[in-house]
Amino acid sequence: MKKADVFEFYRRLAEANPHPETELESGNAYQLLVAVVLSAQATDAGVNTATRALFDRVKTPEQMVALGLDALKQHIRTIGLFNTKAKNVIALSEALVADHGSAVPDDRAALERLPGVGRKTANVVLNVAFGAETFAVDTHIFRVGNRTGLARGKTPLAVENALDKATPQPFRVHAHHWLILHGRYVCKARKPECWRCIVADLCAFKPKTPAPRTPPPATP
DNA sequence: ATCCCGAGGG
DNA sequence: CCCTCTGGAT
């Protein structure tokens with residue numbers, strides 16, 4: 001995508017949603033970290049349903065360790081991959097207490113050393129909790145980047161690097177959320193809703209199926 | 001490359 | 001039924 005089109009692409013998304021935020025619910029950086037770990041291959045809505053009760057009781061890594069593995073599994077049973085995730089969250093909480101004074105570290109290397117935390121999760125925490133200009137490439141951003149031509153790559157890391165190169169100020173801090181929300185609600189995996197997409201004219205993807213005769217009323 | 005693994009949508 | 005959802009570890 002041309003530079004001018006990239007700027008216009010972000011400008012429109014920014015205009016439509018001036019203050020994008022995570023849809024994951026959390027009350028502090030620790031809870032955010034846990035929520036992001038739980039969100040792997042799961043919907044935000046599903047994670048929120050589970051963490052609502054959990055975070056009411058657990059606000060610190062010490063409290064998570066005290067809660068214990070089996071009780072944690074009960075809380076997150078409705079989320080996919082719950083067995084592995086529960087184990088990682090307990091181990092990660094123990095590591096925070098032992099090595100980081102119970103605080104969430106603000107550097108990538110320390111974050112990625114935590115069990116269950118890879119590059120994508122670290123990028124989300126760095127962006128949301130610390131305001132870093134990181135591009136966490138999840139399934140949505142990978143799809144939107146490649147489909148639109150904004151930032152293409154065969155791997156998530158390649159798309160991340162392409163986004164880093166292509167994304168100008170003042171859009172860098174919020175680019176992650178604009179792209180993910182665009183992917184979740186408009187540029188969907190199965191049925192992208194191009195007829196109501198505000199950047200369709202800048203996009204490389206041209207749908208074969210036209211807009212429905214009776215489109216659903218626009219969401220407020 | 002494969003495993004982990006549940007809910008919701010089409 | 002099959003696909004998708006803010007992946008990570010082996």
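Numbers restart at 1 for each chain; the letters A, B, ... are given by sequence-line order, proteins then strands.
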Enquirer: In whole angstroms, how far is the C1' atom of C:dA9 from the CZ atom of A:Arg113?
Expert: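 Taking CZ of A:Arg113 and C1' of C:dA9, I get 17 Å after rounding.
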Enquirer: Using only atom types and a distance under 3.5 Å, with no angle test, would you say the side chain of A:Lys120 pairs donor to acceptor with the backbone of A:Asp138?
Expert: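 Judged by distance alone, no pair lies under 3.5 Å.
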Enquirer: Quick one: list whatever passes side-chain contact (heavy atoms from CB on, under 4.5 Å) with A:Ala175, sequence neighbours left out.
Expert: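 With sequence neighbours excluded, A:Ala175 shows a side-chain contact (heavy atoms from CB on, under 4.5 Å) to A:Tyr10, A:Phe135, A:Thr167, given in chain and number order.
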Enquirer: Taking CG from A:Leu111 and P from C:dT6, how many angstroms apart are they, rounded to a whole number?
Expert: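 In whole Å, C:dT6 P and A:Leu111 CG are 21 Å from each other.
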Enquirer: Take the protein atom CG of A:Leu33 and the nucleotide atom C1' of C:dG7, then report the distance between them rounded to whole Å.
Expert: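 For the pair A:Leu33 CG and C:dG7 C1', the rounded distance is 14 Å.
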Enquirer: Assess whether atom NZ of A:Lys59 is packed by more than 12 heavy atoms of other residues, nucleotides or ligands within 6.0 Å.
Expert: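 It does: A:Lys59 NZ has more than 12 such atoms within range.
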Enquirer: Rounded to whole angstrom, note down the P distance from C:dT6 over to B:dG10.
Expert: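 Rounded to whole Å, the distance is 15 Å.
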Enquirer: Output the distance between atom CG (A:Leu163) and atom CD1 (A:Ile141), rounded to the nearest 0.5 Å.
Expert: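 So the CG of A:Leu163 and the CD1 of A:Ile141 are separated by 7.0 Å.
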Enquirer: Mind checking A:Val137 for me? I need base, sugar-phosphate or nothing, with any heavy atom below 4.0 Å counting as a touch.
Expert: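 The residue A:Val137 makes no contact with any strand.
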Enquirer: DNA chain C: A:Val128 or A:Glu112, which has the more 5' nearest nucleotide?
Expert: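 Counting from the 5' end, the first nearest nucleotide belongs to A:Val128.
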Enquirer: Is the phosphate of B:dC4, meaning OP1 or OP2, less than 4.0 Å from a side-chain N or O of A:Asn83?
Expert: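 False: A:Asn83 side-chain N/O out of range (4.0 Å or more) of B:dC4 OP1/OP2.
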Enquirer: Output the rounded distance in Å from CZ (A:Arg143) to P (C:dC3).
Expert: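 Atom CZ in A:Arg143 sits about 15 Å away from atom P in C:dC3.
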Enquirer: Restricting both atoms to N or O, compile the protein contacts to nucleotides 6-10 of chain B shorter than 3.5 Å, with distance only.
Expert:
residue	atom	partner	partner atom	Å
B:dG9	N2	A:Arg190	NH1	3.0
B:dG9	N2	A:Arg190	NH2	2.9

Enquirer: For C:dG8, does OP1 or OP2 lie under 4.0 Å from any side-chain N or O of A:Thr121?
Expert: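 So the side chain of A:Thr121 is within the cut-off, an N or O lying under 4.0 Å from OP1 or OP2 of C:dG8.
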Enquirer: Expressed as a whole number of Å, how far does the C1' atom of C:dC2 sit from that of B:dC5?
Expert: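 The same atom, C1', in both gives a distance of 16 Å.
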Enquirer: Atom CG of A:Asn88 and atom P of B:dC3: how far apart are they, to the nearest Å?
Expert: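 After rounding, the gap between these two atoms is 19 Å.
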Enquirer: Taking any heavy-atom pair under 4.0 Å as a contact, classify A:Gly116: base, sugar-phosphate, or nothing.
Expert: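 A:Gly116: backbone/sugar contact only, no base atoms under 4.0 Å.
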Enquirer: Would A:Asn83 and A:Lys73 count as having a side-chain donor-acceptor pair, cut-off 3.5 Å?
Expert: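 The answer is yes; a qualifying pair exists.
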Enquirer: Calculate the interatomic distance between A:Leu157 atom CG and C:dG7 atom P; express it in whole Å.
Expert: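 Checked: the CG to P distance equals 16 Å.
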Enquirer: May I ask you to check whether over 12 heavy atoms, not counting those of A:Arg11, lie within 6.0 Å of atom CZ?
Expert: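 Yes, CZ of A:Arg11 has more than 12 neighbouring heavy atoms, counting only those of other groups under 6.0 Å.
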Enquirer: Of the options C:dC5, C:dG7, C:dT6, whose atoms approach the side-chain atoms of A:Ala189 most closely?
Expert: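 Side chain of A:Ala189 sits closest to C:dC5.
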Enquirer: When you measure from the side-chain N and O atoms of A:His140 to the phosphate of C:dC5, is any distance below 4.0 Å, counting only OP1 and OP2?
Expert: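 So the side-chain polar atoms of A:His140 do come within 4.0 Å of the phosphate oxygens OP1 or OP2 of C:dC5, strictly under.
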Enquirer: Calculate the interatomic distance between A:Glu21 atom CD and C:dT6 atom P; express it in whole Å.
Expert: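 For the pair A:Glu21 CD and C:dT6 P, the rounded distance is 17 Å.
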Enquirer: Do any side-chain nitrogens or oxygens of A:Arg119 fall under 4.0 Å of OP1 or OP2 in C:dG7?
Expert: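 Checking C:dG7 against A:Arg119, no side-chain N or O comes under 4.0 Å of OP1 or OP2.
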Enquirer: Give the rounded distance in Å between these two atoms: CG of A:Asn127 and P of C:dT6.
Expert: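 Nearest whole value for this atom pair: 16 Å.
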Enquirer: Taking NZ, NE, NH1 and NH2 as the nitrogens, is one of them in A:Arg184 or A:Asp44 under 4.0 Å from a carboxylate oxygen of the other?
Expert: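 Answer for the salt bridge query: yes.
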Enquirer: For DNA chain C, whose closest nucleotide is more 5', that of A:Val124 or that of A:Pro115?
Expert: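 Mapping each residue to its closest nucleotide by heavy atoms, the 5'-most match is A:Val124.
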Enquirer: Which heavy atom of A:Gly27 sits nearest to which heavy atom of A:Gln31, and what is that distance?
Expert: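 Smallest heavy-atom distance, with atoms named: N-OE1, 2.6 Å.
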